[in-house]
There are 2 protein chains.
Amino acid sequence: MTDLLTERDTWSMTNCPIARTLEIVGTRTALLILREAFLGTRRFDDFAKRVGVGEPAAAARLKELTAAGLLERVPYQEPGQRTRYAYQLTEKGRDFRPVLMALRQWGDTWATDERGPALVVRHKECGAPVRAELRCDDGHDVGYGDTVVDRGPGLIRTSPEGD
Amino acid sequence: MTDLLTERDTWSMTNCPIARTLEIVGTRTALLILREAFLGTRRFDDFAKRVGVGEPAAAARLKELTAAGLLERVPYQEPGQRTRYAYQLTEKGRDFRPVLMALRQWGDTWATDERGPALVVRHKECGAPVRAELRCDDGHDVGYGDTVVDRGPGLIRTSPEGD
DNA sequence: CAGCTGACTAATATTTTCAGAAGTCAGCTA
DNA sequence: TAGCTGACTTCTGAAAATATTAGTCAGCTG
């Protein structure tokens with residue numbers, strides 16, 4: 001079996017998981033809305049204000065993310081107020097956390113200003129900063145170049161080439 | 001000191017690292033071009049073809065990513081050919097790997113079709129699949145809810161509130 | 001030195017994203 | 001039941017991203 005990457009053009013990326021993910025969260029505002037959701041924002045107005053986006057854009061992204069199942073619209077009621085709806089992360093949305101952590105981490109490393117990072121995410125128990133890391137299922141740290149790309153069941157071949 | 005998240009509106013996200021990162025790679029095609037770079041693509045035409053994007057879009061993204069320092073344009077020469085330029089990842093670009101791994105992982109989990117994932121990334125040494133995980137600097141695994149958000153030096157307060 | 005090829009650039013059109021202002025709507029409060 | 005407020009929707013328009021097609025340009029080959 002030859003290396004998949006050397007025959008890159010014999011298979012297609014039409015079902016690429018990254019491309020599929022970006023169809024859902026591929027806009028700047030969608031990711032920033034998710035950022036706010038992870039920071040605890042729940043209400044429509046707060047999303048719009050804190051993300052720094054107009055209400056129409058906020059409404060569109062919230063609707064898309066809800067339709068995609070990353071957020072759910074749940075009723076809540078404050079005393080003396082009528083029933084309102086809050087957007088909160090589902091499991092599908094919470095599972096997006098590594099993406100945002102990795103983005104934050106990259107920005108802190110490569111796109112920060114002189115002042116340094118705005119926020120630090122720490123482990124609740126020990127107080128140490130949290131980072132996104134690559135590890136294999138056997139528990140080894142995986143550095144750059146320590147990986148092999150293998151075919152999965154969903155790989156689509158465009159030409160019936162070497163197996 | 002009160003929890004930062006309960007006083008979310010007393011500080012601003014104008015210097016948010018995620019927003020800054022998205023200013024560089026905030027388009028769908030930029031991320032897909034980086035995906036290809038990690039898969040080993042180096043040449044202009046291959047980027048355009050494999051990402052499935054028009055040449056102007058490919059040229060624009062490659063130029064932006066090069067200007068931002070994630071890619072570098074290096075000359076190369078195949079025998080009997082003239083000198084050409086290849087785009088390859090810099091350290092700044094390679095450091096983006098956790099983001100793409102996290103995106104891929106989310107897509108494999110939540111946006112795959114019946115066939116399953118197209119590719120599997122494995123640890124070269126042990127063959128086990130590789131995943132993006134959150135860990136603190138003391139080596140603990142960090143689950144959802146195991147984090148505290150703390151202020152960093154770059155935090156911008158919008159109102160001088162409780163310290 | 002004309003042809004060829006890879007690597008782009010230019011022009012045009014379409015679509016998507018987003019902002020800003022204003023309007024709608026539900027239902028609690030007075 | 002009129003007012004108020006949070007949560008949107010509608011409308012208009014600008015900006016950005018992308019597709020398509022058609023070039024340009026450098027420099028090795030013949």
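Labels below follow one simple rule: chain letters A, B, ... track the order of the sequence lines, proteins then strands, and each chain is numbered from 1. Since we're looking at a predicted model, the values are computed, not measured.
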Here the residues of residues 82-89 of chain B within 4.0 Å heavy-atom distance, strictly under, of DNA chain C are R82(B), R84(B), Y87(B)
Residue pairs meeting salt bridge (Lys or Arg N to Asp or Glu O under 4.0 Å), one or both in residues 79-94 of chain A, sequence neighbours left out, come to none
Ring pair (Phe, Tyr, Trp, His ring centres under 6.0 Å) pairs touching residues 112-131 of chain A, sequence neighbours excluded, are H123(A)-H140(B)
Residues in residues 13-40 of chain B with a heavy atom under 4.0 Å of DNA chain C, by number, are none
The complete set of salt bridge (Lys or Arg N to Asp or Glu O under 4.0 Å) pairs with one or both residues in residues 34-43 of chain B, sequence neighbours excluded, reads R8(A)-E36(B), R43(B)-E78(B)
In short, salt bridge (Lys or Arg N to Asp or Glu O under 4.0 Å) pairs touching residues 95-104 of chain A with sequence neighbours left out are R104(A)-D108(A)
Contacts of D137(B) meeting salt bridge (charged side-chain N to carboxylate O under 4.0 Å, His left out) (sequence neighbours excluded), chain-then-number -> R131(A)
Contacts of D45(A) meeting salt bridge (charged side-chain N to carboxylate O under 4.0 Å, His left out) (sequence neighbours excluded), chain-then-number -> none
Q.
Does this structure show an ion pair linking D150(B) with R122(A), if we count only N-O contacts that are shorter than 4.0 Å?
A. yes
Under a 4.0 Å heavy-atom criterion, DNA chain C is touched by chain A from dT17(C) to dT29(C)
For residues 53-97 of chain A, the ring pair (Phe, Tyr, Trp, His ring centres under 6.0 Å) pairs (sequence neighbours left out) are F96(A)-W106(B)
Numerically ordered, the residues 51-62 of chain A set in heavy-atom contact under 4.0 Å with DNA chain C is G52(A), V53(A), G54(A), E55(A), P56(A), A57(A), R61(A)
The complete set of salt bridge (Lys or Arg N to Asp or Glu O under 4.0 Å) pairs with one or both residues in residues 57-72 of chain A, sequence neighbours excluded, reads R61(A)-E64(A)
